[in-house]
There are 2 protein chains.
Amino acid sequence: MANLTAFFNCDDRTMEQDPALPSLNQEPELLKTVLNKEGFRFTNQRQKILDLFQSAALGHHLNAEEIHQQLLDQGEKISFSTIYRALHVMVRLGLLQELELAEGRKYYELNTPFMNQHHHLVCVHCGDVKEFEDAKMTQVGSNESASHGFSLLNCQFTVYGICPSCQSLLS
Amino acid sequence: MANLTAFFNCDDRTMEQDPALPSLNQEPELLKTVLNKEGFRFTNQRQKILDLFQSAALGHHLNAEEIHQQLLDQGEKISFSTIYRALHVMVRLGLLQELELAEGRKYYELNTPFMNQHHHLVCVHCGDVKEFEDAKMTQVGSNESASHGFSLLNCQFTVYGICPSCQSLLS
DNA sequence: AACCTATTGAAAATCATTTTCGCTATCCAT
DNA sequence: ATGGATAGCGAAAATGATTTTCAATAGGTT
Ligand SMILES: [Mn+2]
Ligand SMILES: [Mn+2]
Ligand SMILES: [Zn+2]
Ligand SMILES: [Zn+2]
């Protein structure tokens with residue numbers, strides 16, 4: 001059972017984890033290389049989606065809905081099935097990271113090498129998200145997974161609370 | 001927007017966070033007290049659900065489906081709506097903790113005082129979960145939330161990986 | 001005991017995500 | 001370049017967990 005979504009769900013193909021996390025930040029055409037290396041095809045839609053993340057403000061997370069809307073806004077027509085499939089593939093390839101920030105939908109952001117991983121402080125009332133880094137997290141995560149013989153995929157430290165402005169609203 | 005589920009979703013009533021985390025471990029009738037204190041009513045269904053958690057093995061997490069099944073097995077008839085409502089109320093009261101372990105459904109477990117909070121190492125392939133404690137986590141969580149002026153509700157550190165036996169299966 | 005209203009169960013509704021399927025476009029080999 | 005095999009696409013239907021609606025009931029209070 002289990003078989004968690006983004007990791008093993010790109011249509012019906014056998015998938016294994018990819019230890020190398022390519023950082024294709026500005027590099028042109030790198031997406032095609034990364035995709036093809038694993039037997040995936042390069043498509044316009046996938047490039048457009050990745051572009052969104054690369055041009056998004058740091059600390060900004062996107063969900064499928066927002067991706068769809070932003071692409072519509074910029075004149076691109078794309079279906080939700082394609083968006084979801086692309087997100088899964090890119091998570092699988094280590095290009096994106098899937099986040100469980102809260103409220104029943106998944107958010108995505110550009111993946112970063114383990115050592116620079118950051119974490120999230122979320123206001124459960126307005127959804128505001130603050131990012132922070134802390135080397136201790138990464139350390140504890142890899143220690144734990146190692147000590148249980150797990151191969152590490154990623155760590156998420158999420159702190160839930162109520163932000164200052166929501167606190168005053170709720171007086 | 002946002003208004004995250006379990007925290008603010010017990011039918012339509014104004015809810016605010018409850019700083020006191022009652023630990024009603026073995027205490028009889030304490031559930032009634034805790035519920036009434038906040039204007040909720042004590043019901044048989046809520047008691048039955050809480051009982052499940054109290055008699056569950058340590059480190060065991062339950063989702064709505066499992067709760068429903070276990071109650072059926074022990075001869076109790078209960079609807080899913082009631083289960084979900086009860087879970088929300090009990091999270092709201094600090095009796096339970098909601099976990100985003102993975103795979104699109106929520107899990108619950110008895111809440112524990114902040115300082116004893118534990119975290120999870122999840123195998124994304126088979127869903128196996130290992131628990132671990134680490135004081136550093138809690139520390140970082142409260143520091144972060146404090147430094148942003150957030151009032152802390154809870155911290156979840158979740159490490160995703162592949163367990164030893166799944167690693168060999170995927171040779 | 002009577003009253004007010006929170007809670008319940010059943011059924012319908014949501015809603016994010018997944019699947020199906022016929023068609024198209026990408027990749028690889030000729 | 002050309003052609004074939006098939007991964008990927010869009011549209012629409014399907015899923016599945018969770019939420020909501022609503023009439024009936026039960027908990028807490030006076
Ligand atoms: Mn982030
Ligand atoms: Mn646990
Ligand atoms: Zn807020
Ligand atoms: Zn496993």
Side-chain angles (χ1 to χ4, degrees), chain A residues 1 3-15 29 31-33 35-49 62-69 71-72 76-92 98 100-108, chain B residues 1 3-15 29 31-33 35-49 62-69 71-72 76-92 98 100-108:
Chain A
M1 61 166 297
N3 233 28
L4 309 193
T5 51
F7 294 98
F8 299 89
N9 219 7
C10 319
D11 280 341
D12 283 319
R13 188 190 323 201
T14 303
M15 322 204 80
E29 298 299 311
L31 176 57
K32 178 171 185 349
T33 311
L35 284 165
N36 291 348
K37 189 186 316 173
E38 299 285 329
F40 294 105
R41 292 179 181 175
F42 173 85
T43 69
N44 228 274
Q45 291 90 330
R46 287 170 180 180
Q47 182 67 66
K48 288 293 180 345
I49 292 175
L62 296 170
N63 60 43
E65 174 78 41
E66 292 166 338
I67 291 170
H68 186 250
Q69 189 56 55
L71 288 181
L72 276 191
E76 306 291 338
K77 195 173 14 214
I78 189 173
S79 73
F80 273 103
S81 10
T82 299
I83 294 175
Y84 282 112
R85 281 181 292 229
L87 291 172
H88 293 160
V89 170
M90 295 199 270
V91 167
R92 164 67 181 66
E98 184 181 66
E100 314 265 5
L101 291 183
E103 75 176 275
R105 57 175 56 174
K106 290 179 183 141
Y107 284 83
Y108 298 84
Chain B
M1 62 165 297
N3 232 27
L4 308 192
T5 50
F7 295 97
F8 299 89
N9 219 8
C10 320
D11 280 340
D12 284 320
R13 187 188 324 199
T14 303
M15 321 204 81
E29 297 301 309
L31 176 57
K32 178 170 184 353
T33 310
L35 283 165
N36 291 348
K37 189 185 318 174
E38 298 286 329
F40 294 106
R41 292 179 181 175
F42 172 85
T43 68
N44 227 275
Q45 292 91 329
R46 288 170 178 177
Q47 182 66 67
K48 288 293 179 349
I49 292 175
L62 296 171
N63 60 43
E65 172 78 41
E66 293 166 338
I67 291 170
H68 186 250
Q69 188 55 55
L71 288 180
L72 277 192
E76 306 292 338
K77 196 173 13 214
I78 190 173
S79 73
F80 274 101
S81 11
T82 300
I83 293 175
Y84 282 111
R85 281 182 291 229
L87 290 172
H88 294 159
V89 171
M90 295 198 270
V91 168
R92 162 68 180 66
E98 184 182 66
E100 314 266 4
L101 291 183
E103 75 175 275
R105 56 173 59 173
K106 291 180 183 137
Y107 283 83
Y108 298 84

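Throughout, protein chains are lettered first and strands after them, A, B, ... in sequence-line order, and every chain is numbered starting at 1.
Atom NZ of B/K32 is separated from atom C1' of C/dA6 by 13 Å (rounded to the nearest Å). Computed from coordinates, the A/L87 CG to D/dG8 C1' distance equals 15 Å when rounded to whole Å. Distance CD (B/Q47) to P (D/dG27): 13 Å, rounded to an integer number of Å. Rounding to whole angstrom units, NZ of residue A/K48 and P of D/dG8 are separated by 17 Å. One atom, CD1 of A/I83, and another, P of C/dT18, lie 13 Å apart when rounded to the nearest Å. For the pair B/N44 CG and D/dA26 C1', the computed distance is 11 Å after rounding to whole Å. B/F40 places its CZ atom 11 Å from the P atom of C/dT8, with the value rounded to the nearest Å. One interatomic measurement links the two molecules: CZ of B/R92 to P of C/dT7, which rounds to 12 Å at whole-angstrom precision.
Nearest-nucleotide assignment on DNA chain D puts the 5′-proximal partner with A/S79, out of A/S79 and B/F80.
Taking A/F42 as the reference, nothing meets the ring-ring contact (aromatic ring centres under 6.0 Å, His included) condition, with sequence neighbours excluded.
Here the side chains of A/E38 and A/R92 are in contact, with some heavy-atom distance below 4.5 Å. Looking only at side-chain heavy atoms (C-beta outward), A/E66 and A/N63 come within less than 4.5 Å of each other. Counting heavy atoms from C-beta on, the side chains of B/T82 and B/R85 come closer than 4.5 Å. When side chains are defined from C-beta on, B/L87 counts as touching B/I67, because their heavy atoms get closer than 4.5 Å. Taking 4.5 Å as the limit, some side-chain heavy atom of B/L71 sits within range of a side-chain heavy atom of B/K48. B/M90 has its side chain within reach of B/I49: a pair of non-hydrogen atoms, C-beta onward, lies under 4.5 Å apart.
No contact: A/E65 has no heavy atom under 4.0 Å from any strand. Residue contacts shown for A/N36 are limited to sugar-phosphate atoms, with no base heavy atom under 4.0 Å away.
In this structure, the separation between CZ on A/R46 and CG on A/L31 is 8.5 Å, given to the nearest 0.5 Å. The CD atom of B/E100 sits 9.5 Å away from the CG atom of A/L101 when rounded to the nearest 0.5 Å.
Using a 4.0 Å cut-off, some side-chain N or O of A/R105 falls inside it from OP1 or OP2 of C/dA16. Side-chain N/O atoms of B/T43 include none lying less than 4.0 angstrom from OP1 or OP2 on C/dA6. The phosphate of C/dG9 (OP1 or OP2) has a side-chain N or O of B/Q45 nearer than 4.0 angstrom. Under 4.0 angstrom from either OP1 or OP2 of D/dT18 there lies at least one side-chain N or O belonging to B/Y84. In this structure, B/H88 reaches the D/dT19 phosphate: one of its side-chain N or O atoms is under 4.0 Å from OP1 or OP2.
Listed nucleotides C/dC27, C/dT20, D/dT18 differ in distance to A/F42; the shortest reach to its side chain belongs to C/dC27.
Judged purely by atom type and a 3.5 angstrom limit, A/H68 uses its side chain to pair as donor or acceptor with the backbone of A/I78.
In the interface, the side chain of B/S81 is paired with the base of C/dA10 through a donor and an acceptor atom under 3.5 Å apart. Applying the 3.5 Å distance criterion, the base of D/dG27 shares no donor-acceptor pair with the side chain of B/R46.
Taken over five-pair windows at either terminus, the axes of the helix from C/dA1-D/dT30 to C/dT30-D/dA1 are inclined to one another by 50° (rounded to 10 degrees).
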Using a cut-off of 4.0 Å between protein heavy atoms and nucleotide atoms, how would you tag nucleotides 1-6 of chain D 5' to 3' with B, S and -?
----BB
